[in-house]
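In what follows, a structure is listed as structure tokens, so that the remarks can point back to it.
Note that ligands are numbered from 1 as they come in the structure, with each ligand's atoms numbered from 1 the same way. Below, each value reflects all heavy atoms present in this structure, side chains not excepted, and no hydrogens, waters or symmetry copies.
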Amino acid sequence: MNTTFSKKTIDDVSVKGKKVLVRVDFNVPLDENKNITDDNRIVESLPTIKKILKDGGTPILMSHLGRPKGKPKPEFSLAPVAKRLGELLSLKVIMAPDCVGEETRRVVASAKPGEVVLLENLRFHAEEEADDENFAKQLASLGEVYVNDAFGSAHRAHASTEGVTRFLKPAVAGYLMEKELRYLSQAVGNPNRPYVAIIGGAKISGKIDVINNLLGKVDALIIGGGMMFTFLKAMGKEIGNSILEEDKVDLAKGLLEKAKSAEGSVSRGGAKLLLPVDCMVAEKFENTAAKKVVSVDAIPQGWVGMDIGPESIDLFRDEILKSKTVVWNGPMGVFEMTNFEAGTKAVAEALVDATKRGASTIVGGGDSAAAIAKFGLESKVSHVSTGGGASLEFLEGKTLPGVAALDNK
Ligand code: AMP
């Protein structure tokens, strides 16, 4: 990677003997018995926590979990996370009763270097998401150095990601934050070419800005998933009962025009828009429904488009293998159903093969991260982002408030 990283990191500050307030993303999935079903986010935070411990600091960790809507709710307690983190670090993690207040302050004050404190769920207080100044000040008072390692929350200006930096300096990036930003900023700012982006998922809405922004930057933009049908409709094709955003058809037409007018200058600034040429349709939106492959010009009335077809897979795979930078956001089909996972799986495999050929391959969180994990391929691409929304906003070219708030180098 050749992108210069402009923010200070944990390597630029001394933490010896200090309380280090670290915003982490411990928003992990829990089952009904409060067991953590995927501890990836905890594992990803370990390098930063271990670095602070090694250098003689006391990590005071803070995170949100779920949507308790501004009130203390025991089912959203971070206690199961404290237990899991303790197992991973082989030490006891001290669970604070809250994230602010007298009792919490006492717990933090008595913690020594080598010990780890986890504050209770930030979203037990509505002030967190409101970026309340007084609340941010109280959080800030718990540490002497602030580290943000929660890339997945960096697109939100909350008290623990943005407000706190107004009262606590130095404010620096942790290792996970740094890793995320290095990969994504290289793709956005200085990609090795050819550069291909693959966008899928159910709907265009929510991804319009990213499509628009990428169209001006990539050499090829591949569209798959449910949103392909709104594009096909915009091209005047029959789409049967496939998912359609009626109010986005004109917008899809505009994007098709934009892509067409740019095609003369494909290598820089312009982009080829690649749409599926065939798709897998089903009689019903069900895994066991009757299915068949059809051309996108021959989608039968009453049938539902569930996945891209084999010819599209070949087309997309060729494009991906030609590329030096690949960014992927959104599944190609209803990958949660085994009979309609082939397109998404093939794209994941093409990313793996492109990685072997030296390409930088980035999976942008959310459902594509879930998909690549389902296929067991997450360690075979360059980077799987931990932040769905944050990585999407970054690819849209937006400034992430939680990153902007950190000290410059
Ligand atoms: P998104 O959150 O927009 O990235 O959408 C992800 C969801 O899109 C996944 O749950 C997929 O099942 C769904 N999806 C992908 N392709 C289709 C399709 N052809 N029809 C309906 N849903 C789809």
Side-chain angles (χ1 to χ4, degrees), residues 29 152 155 197-212 214 221-235 237-249 251-252 255 274-296 298-300 302-313 316 327-348 351 362-375 384-396:
H155 58 313
I198 308 136
I199 304 291
K203 294 175 175 175
I204 303 185
S205 45
K207 295 198 179 151
I208 297 161
D209 291 342
V210 77
I211 294 173
N212 241 324
L214 287 173
L221 182 65
I222 292 174
I223 301 275
M227 69 167 71
M228 70 187 257
F229 299 101
T230 301
F231 280 95
L232 296 177
K233 184 83 181 177
M235 293 159 86
K237 297 187 199 295
E238 167 68 47
I239 60 163
N241 286 348
S242 309
I243 186 171
L244 169 69
E245 284 174 283
E246 196 83 59
D247 60 335
K248 296 289 178 295
V249 172
L251 189 121
L255 290 170
L274 276 180
L275 280 162
V277 290
D278 58 353
C279 64
M280 180 71 83
V281 293
E283 246 179 338
K284 280 189 233 152
F285 193 82
E286 275 171 20
N287 189 34
T288 51
K291 57 174 187 166
K292 60 183 176 185
V293 174
V294 295
S295 150
V296 292
I299 298 176
W303 288 62
V304 192
M306 303 290 276
D307 194 8
I308 60 173
E311 264 188 64
S312 311
I313 288 177
F316 293 177
V327 171
W328 176 30
N329 188 300
M332 296 293 98
V334 189
F335 75 99
E336 297 94 336
M337 300 184 189
T338 47
N339 286 330
F340 304 104
E341 66 175 24
T344 305
K345 193 171 185 189
V347 162
L351 256 73
I362 299 154
V363 180
D367 274 305
S368 3
I372 201 155
K374 180 184 176 194
F375 306 132
V384 180
S385 178
T386 53
S391 69
L392 210 53
E393 290 201 17
F394 198 91
L395 293 173
E396 285 166 11

_How far is atom 21 (C) of ligand 1 from the closest protein heavy atom, and which atom is that?_
Phe285 CE1, 3.8 Å

*Any side-chain heavy-atom pair from Asn212 and Leu255 closer than 4.5 angstrom?*
yes

*Under 3.5 Å between some N or O of ligand 1 and some N or O of Gly201?*
no

_Exercise: do Thr288 and Asn339 side chains pair donor with acceptor under 3.5 Å_ = no

*Quick one: closest heavy-atom pair of Met228 and Ile223, and the distance?*
CA-CG2, 4.2 Å

_Heavy-atom nearest neighbour in the protein, as seen from atom 8 (O) of ligand 1, with distance rounded to 0.1 Å_ = Ala202 N, 3.0 Å

*Evaluate the side-chain contact (heavy atoms from CB on, under 4.5 Å) criterion for residues Val293 and Cys279: first the C-alpha distance (whole Å), next the side-chain angles of each, then the deciding distance (0.1 Å), finally the verdict.*
CA-CA 6 Å; Val293 174; Cys279 64; over 6 Å; no

*Pick one of side chain, backbone, both or neither for how Glu336 approaches ligand 1, counting any non-hydrogen atom pair under 4.0 Å.*
side chain

*Identify, by atom number and element, the atoms of ligand 1 in contact range of Asp367, meaning under 4.0 Å from any of its heavy atoms.*
1 (P), 2 (O), 4 (O), 5 (O), 6 (C)

*Shortest non-hydrogen contact from Ala369 to Ser385?*
CB-O, 4.3 Å

*If we only count N/O pairs under 3.5 Å, is Gly305 in contact with ligand 1?*
yes

_To check you understand the geometry: which heavy-atom pair defines the closest contact between Phe229 and Met306, and what is its length?_
CZ-N, 4.5 Å

*Determine the minimum heavy-atom distance between Gly343 and Asp307, stating which atoms define it.*
N-OD2, 2.8 Å

*asked:* Considering Gly333, Gly343, Gly225 one by one, which has a heavy atom nearer to atom 14 (N) of ligand 1 than any of the others?
replied: Gly333

*Would you check, one step at a time, whether the test side-chain contact (heavy atoms from CB on, under 4.5 Å) holds for Leu232 with Ile299?*
CA-CA 10 Å; Leu232 296 177; Ile299 298 176; 4.2 Å; yes

*Check ligand 1 against Phe229 and write out every atom of the ligand that is under 4.0 Å from a heavy-atom position of the residue.*
19 (N)

*Which ligand 1 atoms are under 4.0 Å away from a heavy-atom of Gly226?*
15 (C), 16 (N), 17 (C), 18 (C), 19 (N)

*Consider every N or O of Lys207 and every N or O of ligand 1, then say whether any pair is closer than 3.5 Å.*
yes

*Which of the atoms in ligand 1, numbered in the order shown and given with their element, are less than 4.0 Å from a heavy-atom of Val334?*
12 (O), 15 (C), 16 (N), 17 (C), 18 (C), 20 (N), 21 (C), 22 (N), 23 (C)

